[in-house]
Every structure is written in C-alpha cells, then in structure tokens.
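Notes follow the structure.
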Amino acid sequence: MKTFKKNWEHFETESKLYDLWEKSGYFKPEINPDGKPFVIAIPPPNVTGKLHIGHAYGTTLQDLMIRYHRLLGDASLYIPGMDHAGIATQTVVDKKLRKDGINKNELGREKFVEEVWKWKEEYGGKILEQLRAIGASCDWDRERFTLDEGLSSAVREAFVHLYKKDLIYRGEYIVNWCPKCGTAIADDEVEHETQKAKLYYFKYDKNFPITIATTRPETKFGDTAVAVNPGDERYKELIDKEFETDLDGVKRTIKVIADRAVDKEFGTGAVGVTPSHSMIDWKMAEDHGLPKVKVINEYGKMTAEAGKYEGMKVLEAREKLVEYLKSADLLEKETDIENNLSICYRCSSAIEPLPSLQWFVKMKPLAEKAKAAVKSGEIEIIPKRFEKVYFHWLDNIRDWCISRQLWWGHRIPVYYRNSSDKLKVESQKFNEEDIYVGDNPPEGYIQDSDVLDTWFSSGLWPFSTLGWPDETPDFEKFYPTTVMETGYDIIFFWVARMIMMGLELTGKIPFKTVYLHGLVRDEQNRKMSKSLGNVLDPLDLIAKYGTDALRMALIVGSTPGQDVAVGESKIKGYRNFTNKIWNASRFVSLRVTDGDLQSGELGEAKITDLNIDEKLLTPADKKILDSHKSIKSKVASHIDKFQFSLAGEELYEYFWHEFCDEYIEATKDQLSADSYQLVANTKKILIKILKESLVLMHPYVPFVTDAVWQELREFVPGLADSIMISNWPK
RNA sequence: GCGCCCAUAGCUCAGUUGGUUAGAGCGCUACAUUGACAUUGUAGAGGUCAGAGGUUCAAGUCCUCUUGGGCGCACCA
C-alpha cells in the first residue's frame, strides 16, 4: 500500500485532483446516460473582475447539489459561463483606458469594443480558474458567454419575437438618466440614498398667487402646472385657473390642477409640476394633458428652455436661481429637510429623470404568467417568504426600459432607412417601411446605435445556454432546468425576468426551484467592504485552509435567504474537520492492511469480501451500524429538502464523534482480539462505514474525500475510479 | 406609507408538519496525551429561547401586541 501522509495536504492535492476529474470527463452528464436530468445553470459572474466570497458561497451550494445528484445517478449538468455585464464592464474598461491616457470617444466604438474583448479574455480566464478552485464540477465544454455567437442570436430572436407580439415598443418617455454613465437605466437600477437638502419656498413671480416648495428650484423653468390636493380649502378657488408667469425671464403658462398625489401637509401643499424631470409629475402631466418642457439635457446641463441659464450645470443653475429669487424678493424661506436622492446603482451618481427616446418591454402581460407559475406551485421559491416579495414586484410592475446608450452589449436588432439618428430624434410615430427589425436588413438601412440592457440577455440564460432558439438535443433533454440557485438581491433583476422570458419564449418554466442564498458577512456580522478592510478573498482562504474547509464553513450554519457570517476561525474549524477525515482514514488504512497484504486479502485476517457476519457484532459494532444507517437517510432527506446546513452539521457530528471518537476508539480493542473472525469483521465494518461516509460527505468536501478514496482503492476491491462517479449508499 | 427578516450560551448561528433534559462551532475551565490526528481526547461551566398576553395535554416553534436591530418596495414635490 501507499503510505498515507500524516496530514491532509490540501494545497498539493486539490488542483491535481481537479485536473484529473476534468480530464476524465466526470463532469459531463453523459456519465449517467440513463439518469434523469438534474440541471443548474450557473449565475454567470460578471467579467468585471475577480470573484468574491459570495460567488464562492453560491458556487458551493450549486456544486453540492450537482455532486449529490451525480452520485444518485442523475444526468447532472452544471452549465458554466459569464455575463458581459454591459454598463459595469464598459465603465471599468473606460476607466482603465483613461488611466492610460486614452479617450473612449477618440478611439471610436469599434476599437473600444475590441479593448473590452481583450479585457474579457484576460479577466474571464481568471474567473474560470477561480470557479475550478472552488471545486465547481461544471461541464466546461458547454461553457457560454452572454455575448457569444449563440447567445447573440438568441437575443435577436427574443427581441424580434417580443416586437412582433407587440410586447416591445419605442417611445419618448421619462427615464432614469445617469449623466455620468451617459445612458438610461431601468427603474430597478435606481437606488436611493438619504441626504440633507434645502427646501426652498418661493413664487415664480410677484403676480403668481401660490407659493411652492421644492428642493430643486432649477427644474422649475420646466413647470407647466401647480398641483394641489383636491380637498385643500386654501387653494380650492384657484383650481383650473391659468396664470402667465415669468421666472427670471422664462415665460410659461401655469395651470393650477388638483391631484390626489399631493400631500396637503408637505411644504405649502402646492407642488410645481415639472413633467420632464420628475417621474410623478410626468404621470400627472399625462393625466391632466399638460405640456412637457425639457430644461435639463443628457449632460446634466440646462437647455435653451432655461433662458439665460442655458449651458449651466444643474447645481450652478440652482445656486444662481436662488440668488435671483432672493434679490427679487420671491424667496419666502428655506428649510433643512432629509430626502432621498436617486442614484445610479453602478456609479452612485445622482440620477437625472428626463424624457428620452428609448425601447421598452411591456411587462404586464408577461408578469401575469410569471405570477401564475409560482402561484400554482409549478415554480417553488425557497425560502417561501420571498414569494411575497416576488408577487409584490409583479403586481406593481412598470414597463422595462431596455435600451442603453452604451457600446458594450447586444446591439438592438433594429434598422432604420437611411439614418439611425434622424429617426431617433423625430417623433416616435415612424413609418413602418422605414424600420426593419430582424437579422437581415435591406440595403441602406442603418442599425440602431444603442445596446440592450445586460439583463435582457441574462434573462434568457437558462435556455439560451442550451441552444435555444434551435431545438438542440441539449435543449430537448435538459430544459427546463432544475434549480436556479442565486442571491436574493437579484430576484427582480434576474429571477423574475428569467421566468417571464422563459414562459413567453419557450412556453415553459425555465426552472422548477429557485433557491435564494443570502449575503456573506464577516465574523461580526458586518457587510464586507474595502473600506472596512474585512473583505475575504476566497483564493487566499483556499490556499490557507483548503477548498473543502471553505465550502463547509459557507454551508454549515447558513439557511436560505438569510445572511451568513463567516470568518477565519470558522474556516479553521472545518480545516480541522477535513484533516480529521484524512486521519481517520489513515487509521483505517494502517490497521486494516497491517501484516502481510496479499492481493485480495486485507491483512492477516484474510478478508476477501466485505460481507459482515451479523452473529459476531459487538455492541459498539451494532451501535455504529445503526447510526450509519440512519445518517444515510437523514442526509439524503435533508439535501432533498434543500436543508444543506442540517445535513452538513449531522455529517460532521456523525463522522467526528460517533465514528472517530466512539467507534474507532472501540475498534482499538476489537482489532487486538484473539479471534481472527472478530478482527476481520471489525475491519470490514471499518471499511464499509468509511467508504460510504466518504460518499455521503463528498458533495460537501469533494477533494479530501476523493483523495482518501484514491488511497482506499489500493486495498479495497471494486471501487470506482473516482468517488465522484461512485453510487450514493442506500 | 406598505411589506419582509432578525432577537436562542461570552461571540457567530442551527433548531422546517408544536413533542423527552434546547444544540453546534469558536471562546472559557480542569485534566489527559511518545498512541490515526496537538489540525487531539475526556470532563465541565455557561441559556427565565427580547418582553407581555393568548391558543394547546404540550410553545424556542403557532397567534396578538410591545421594544430593539436590519432590509426591500413606494414616495420624497
């Protein structure tokens, strides 16, 4: 026999084992050709950088399920891939180029996109290596990228389908514009941050009868109405009256309207309505038929509609206007308030709501189906409480702005006759013959310059990765996928949209179960952040304690939808556990094979099979066999119910304390007994229990269990080449 | 404003159809250990399960309220 090393040396062993697995083809579902499919499509990590510990957490959960089902004999497929992450990646590469003194606009679109591809090749490769280090048993031959050829054609197909069904439209609507990113973003991509602000009370001019209150005076150049609550006695007589106003030279007709959205208690109870620069005012303008005046442009500067303020940045215009209001004695007072500032989820700069010509997806019809799929139980969300969050979002859904003024992404498959830009600035009522939607534009048509929201392509992920829209054998066999394992923070961005797109485009649910994990926090339960300096790099931890230890630490003690606290001491504890597995195995190996080992014989007890003689069982034997029997069913039942922590905890307790501390201690006497039969029986039990326990633990700690398995193969007959492809013990 | 989660040992957390004496890891105390493993073992201390009320033969678990902490959605003129 080989000599078992004294300690489990993860560093030398893990990557070698992984290479071996990958080369052997054990990650392919074809190793269980007759098994029923079990499929997980990885949530594709962004190509923006390297993976953090949250990725390690998700990947571990996914890989655990895949390995368990592979052992059960299912055709288990773990589809790897990455997301091009439009806005995020474009920003990162732009920043890098600027550092090198290169301006994106001088470079031009084509060259810039080339630069992003270079970035993708470099960082994408690193990410894939990280996934391997975590032990992800993905079928790498099926790896996909959201911007690869197949997925691009899926995106075009999806767009055309939705367009033809009248579920995609173009129009000029108020959108969330990020002046820094230079693009529109979706409602869901807007975050809020409380800030201190000044609330200014003033009149447009001396003749106007109502004082309004606002935190953004500069937008008031675009006011076309003042809204009051219909029940407000103070303004009752003014409702429906119109006034000619002059705000520092900008003349408007302002109508007083009544709208229930107005809070009587806030400010003066009268709101200056700025249809072009406030979401709610836009809606009021639609309801009341008010004109819309755009006074802020895409660069965050005042337009000609702001008179002499034209060209000023928003904040500058605000200062100057307040000065004017003071000097003209129009400012009644200013107060300090706290309000919420809308910021961009990517760059955190202030969002400027403004009207813009964009593409939208009609969400209501899609949302109904998505709701029904979960209501009926066809799709199960774990933990169940997130169903409520999901329904709430779907019930209040608004149309989804899908065009982005970026270069990196799926270019919108729409072509215009003669010019793309001309049509964009003209009315949304374009002639049908001037527009072409699809793959083969007629001569002289120019493609829309915008790209699609990155979530449009990720929304297709569960089926586009399997070959859709072609009816490939993979699509036939593996779709719908089985489990969607991802973080609860992207339930709207991603999960809900996959369900909507899947139902609409394939007519089927994209997956049966949604398992949502929480955030990984530090030992004191704080969010990990660079500024706190408490960020844990999974690769460092893996180098120090081993992948298996990290995997155990992430899974045991964590429950779905709940954040999990992980620090080095926890990981260290599970490193000790992996060493325990190694050493207990070493004990078994040494004791079982001591004496002369002939082929087919295990030590001097002449073991030629693993049949246990029931009549010879000692109380210790009976106890451990009982526990062993029950741990097998408990672990399977927990994993089947997605209770990964419980199964892991029980395995830990069983293996360390029942098997090592109790049974192995007991065998020390039994193995030195005079009766060869008893010694042989004990050895058989040791082998049987160790062998099966390794399989039970393999989904959690894949490396050490296979390393031991390889040692066992030296003296135990009939073991599979790798524990990965052995069978779950019944 | 609407909704969700959390509160269990010093710390971080499990405890999923309500059911013996409420568990784990880390930490702590004492002892052991040339032994498969000090990346160890044995023993132990430590909890009115946030508070109050209710349902029940039985409540950490279900219901109502209160307090404290966190989060989501909407609004934010």
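Atoms considered below: every heavy atom in the structure, side chains included; atoms not considered: hydrogens, waters and symmetry mates. Letters go in sequence order (proteins before strands), and every chain restarts at 1. Keep in mind that what you see is a predicted model, and the values were worked out from it rather than measured.
Only the P atoms considered, A59(B) is 16 Å distant from U16(B), to the nearest whole Å. C4(B) and U17(B) have their C1' atoms separated by 23 Å, given to the nearest Å. Nucleotides G19(B) and U29(B), compared at atom P, are 36 Å apart to the nearest Å. When the C1' atom is compared between A7(B) and C49(B), the two are found 10 Å apart, to the nearest whole Å. Spacing of P atoms, U39(B) relative to G18(B), comes out at 45 Å, to the nearest Å.
For Y652(A) and Y574(A), the gap between ring centers is short of 6.0 Å. Between Y700(A) and F577(A), the distance from one ring center to the other does not fall under 6.0 angstrom.
In a base pair of the Watson-Crick type (N1 to N3 plus N6-O4 or O6-N4) or a G-U wobble (N1-O2 and O6-N3), with each distance short of 3.5 Å, C57(B) is matched with G19(B).
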(message) Please determine whether salt bridge (Lys or Arg N to Asp or Glu O under 4.0 Å) holds for the pair E711(A) and K5(A), giving the CA-CA distance in whole Å, both sets of side-chain angles, and the decisive distance to 0.1 Å.
(response) CA-CA 10 Å; E711(A) 300 285 345; K5(A) 287 189 179 164; over 6 Å; no

(request) Test side chain to side chain contact (heavy atoms under 4.5 Å, CB included) on L290(A) and D281(A) and set out the steps. (result) CA-CA 10 Å; L290(A) 302 170; D281(A) 294 6; over 6 Å; no

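No side-chain heavy atom of F386(A) sits less than 4.5 Å from a side-chain heavy atom of V514(A).
R575(A) comes within 4.0 angstrom of a nucleotide base, judged by non-hydrogen atoms across all strands.
With C4(B), G72(B), A36(B) as the choices, the nucleotide that has an atom nearest any side-chain atom of R385(A) turns out to be C4(B). Here A36(B) is the nucleotide among G70(B), U12(B), A36(B) with the atom lying nearest to any side-chain atom of C660(A).
One finds no side-chain N or O of K580(A) lying less than 4.0 angstrom from the OP1 or OP2 phosphate oxygen of U39(B). Taking only side-chain nitrogens and oxygens, K388(A) never comes nearer than 4.0 Å to OP1 or OP2 of G72(B).
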(request) Spell out protein contact along nucleotides 14-29 of chain B as letters: B when the base is contacted, S when just the sugar-phosphate is, - when no protein heavy atom is under 4.0 Å; keep the 5' to 3' order. (result) SSB--------S----

Pairs under 3.5 angstrom, nitrogen or oxygen only, protein versus nucleotides 74-77 of chain B, please.
{"residue": "A74(B)", "atom": "OP1", "partner": "R398(A)", "partner atom": "NH2", "Å": "3.3"}
{"residue": "C75(B)", "atom": "N4", "partner": "N340(A)", "partner atom": "ND2", "Å": "2.7"}
{"residue": "C76(B)", "atom": "O2", "partner": "N340(A)", "partner atom": "N", "Å": "3.0"}
{"residue": "C76(B)", "atom": "O2", "partner": "N340(A)", "partner atom": "ND2", "Å": "3.3"}
{"residue": "C76(B)", "atom": "N3", "partner": "N340(A)", "partner atom": "ND2", "Å": "3.3"}
{"residue": "C76(B)", "atom": "N4", "partner": "H192(A)", "partner atom": "ND1", "Å": "2.6"}
{"residue": "A77(B)", "atom": "OP2", "partner": "T215(A)", "partner atom": "OG1", "Å": "2.9"}
{"residue": "A77(B)", "atom": "OP2", "partner": "N339(A)", "partner atom": "ND2", "Å": "3.0"}
{"residue": "A77(B)", "atom": "O3'", "partner": "A213(A)", "partner atom": "O", "Å": "3.1"}
{"residue": "A77(B)", "atom": "O3'", "partner": "T214(A)", "partner atom": "OG1", "Å": "2.4"}
{"residue": "A77(B)", "atom": "O2'", "partner": "G272(A)", "partner atom": "O", "Å": "3.3"}
{"residue": "A77(B)", "atom": "N1", "partner": "D263(A)", "partner atom": "N", "Å": "3.3"}

